[in-house]
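What follows is a set of notes on a single structure, which appears directly below.
The chains referred to below are lettered A, B, ... by the order of the sequence lines, with proteins before strands, and numbering in each begins at 1.
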Amino acid sequence: MDLFLENISHSYGETEVLQDISLSIPSGKILCIVGPSGCGKSTLLRLIGGLERPTSGQVIQLGSPPKDTINPLTYVFQDFALLPWRSVEKNISLVLEDHDIDRASRAEIITGVLARTKLTDFRKALPRQLSGGMKQRVALARALAVNPAVMLMDEPLSALDSQTRELLMDDLVSLWTRQPFTAVYVTHNLNEAVRLGHSIVVLSRRPGCIREIITIDKPLEEREVWDGELDQKQKYLWNLMREEAMAADQELLNV
Amino acid sequence: MSERMPVKFRGGGFAPTSKRGIGILVFVALIGFLEYGTRVGFISNLTMPRPSDVFSTFIDLWSSGLLWQHLAPSLMRLLVGASLGISAGIGIGVLVGLFSFIRAGLVPLVSALFPIPKIALLPLFVIWFGIDETSKYALIAFGTFTPTVVSTYGAVDNVDRSLIRMGQSFNLSWLSIVTKIVLPGAMPGILSGLRISLAIGIILLVAAEMLGAEYGIGAYILEAGSLYDLERLFTGVAILSVMGVTISAVVGLIEKRLLNWRV
């Protein structure tokens, strides 16, 4: 299943946040969206998954999602969005309960995703007992449980410290290598973008429009933390964004 | 020149911790003071009854079997009235929290009803529901209803919206979002509102019983008051206090069970 964005524009009242965005999201690849703060990248992600309606333009779904998909467009949020009163397994079970899945196969799905995200020992734990990294692993497991056609990841590592971020990036890479998934990955962190993105969309500052799309051909599993080629790409991205980021930083907010 | 000085500590405080026994100590000290004062004589018997006399009045009340005769109808009234008022209050409060139209229509009405001293309406309730139990149930129900509505919709408003967006993003049904995300999320606020509603319920119970009740703690207090029998008056008041403390402890227990997920 591929997604196409057709001439998407969006404004909040007078403020135009996104301007004429057309983009194709190919299946089986990770597409990163980067841009200066306030450029509307998170808004774009909410538009893609239907949590918000664009002012004009539309998101087109081409082809139907695979048969075993429970929730085709699935989010991973920056603040994890776990229910604090449910244990790890109940949090995952939450998103399966509304569907016609019997108890046994539900337990099977939960066991499977917990193993894939190395959470098997934390099955009964409550969110408040877990570290930030563990919480995001739970959110990731919950997203995997519904077997999404496209994962929509909204700065999933931004709330974590840099060591945890490295660990989770490795996890994401190994998850993808074992079983490629489609993802739109919004981040302001250029290092995450060059480590995880097959292609990287650079948005300009508000109103956000696409400035450039760069592709990185090096396979994910061969990318390393200190990697000359990636550093070049990252430097290039930063030069592209630097001016805009500075201008965005100095903008007065009138909200 | 280079004087060695430890950096002064200036953090700490502002973090209540539970101290066992202090509450009881305050009670004991206060009662001990009154007992001492009335015995030595610097508190006259007309200003305050002697605590030991109040206690022996209570024992008399207990051994004569009258205690139960007064307490049972009171508890029944509180139970029926408060459960009616609180369940209606939680129901309406959740609806107000969820639907803009209901909110727009009912919030002004609730704000108009809230400040009315419900005791003033007792004659009206007597006309509507008769002098017997029903008017007392209605008074307590009405009195507990408004604070429950206000605290419930406030609690629903305070549920983390990002959790609701999460539910929508996983295509959960509306009913699932309400029962699995909104209600548990609002539970802390609803339970703390319950404490206030139940205390108001006890106040109204006594008010209702002061008007046309043969038995009940309120009737007992009224009778003692009109005879200026301070020992019996204080016995009645102490029973009410114990009721308040017990209810608060029960709510605390429910909180501990239902909200064990909180930090």
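Chain B forms the most heavy-atom pairs under 4.5 Å with one residue out of A:Q129, A:H99, A:E97, and that residue is A:E97.
The part of A:L82 that comes within reach of chain B is its backbone (N, CA, C, O), which places non-hydrogen atoms under 4.5 angstrom from that chain. Heavy-atom distances place both the backbone and the side chain of A:Y75 under 4.5 Å from chain B. Both the backbone and the side chain of B:I181 come within less than 4.5 Å of a heavy atom of chain A.
Under a 3.5 Å cut-off, the side chain of B:R77 and the backbone N or O of B:E133 do not form any donor-acceptor pair.
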Please output the side-chain donor-acceptor pairs of residues 79-93 of chain B that fall under 3.5 Å, not counting sequence neighbours, one pair per line with the distance.
from	atom 1	to	atom 2	distance (Å)
B:S83	OG	B:L79	O	2.1
B:S87	OG	B:S83	O	2.5
B:S87	OG	B:L84	O	3.3

Distance-only criterion, 3.5 Å: show the donor-acceptor pairs between side-chain atoms of residues 142-152 of chain A and protein atoms not counting sequence neighbours.
from	atom 1	to	atom 2	distance (Å)
A:R142	NH1	A:A81	O	2.8
A:R142	NH2	A:F80	O	3.0
A:R142	NH2	A:A81	O	3.2
A:N147	ND2	A:D68	OD2	3.1

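Between B:W174 and B:F99, the ring centre distance stays below 6.0 Å.
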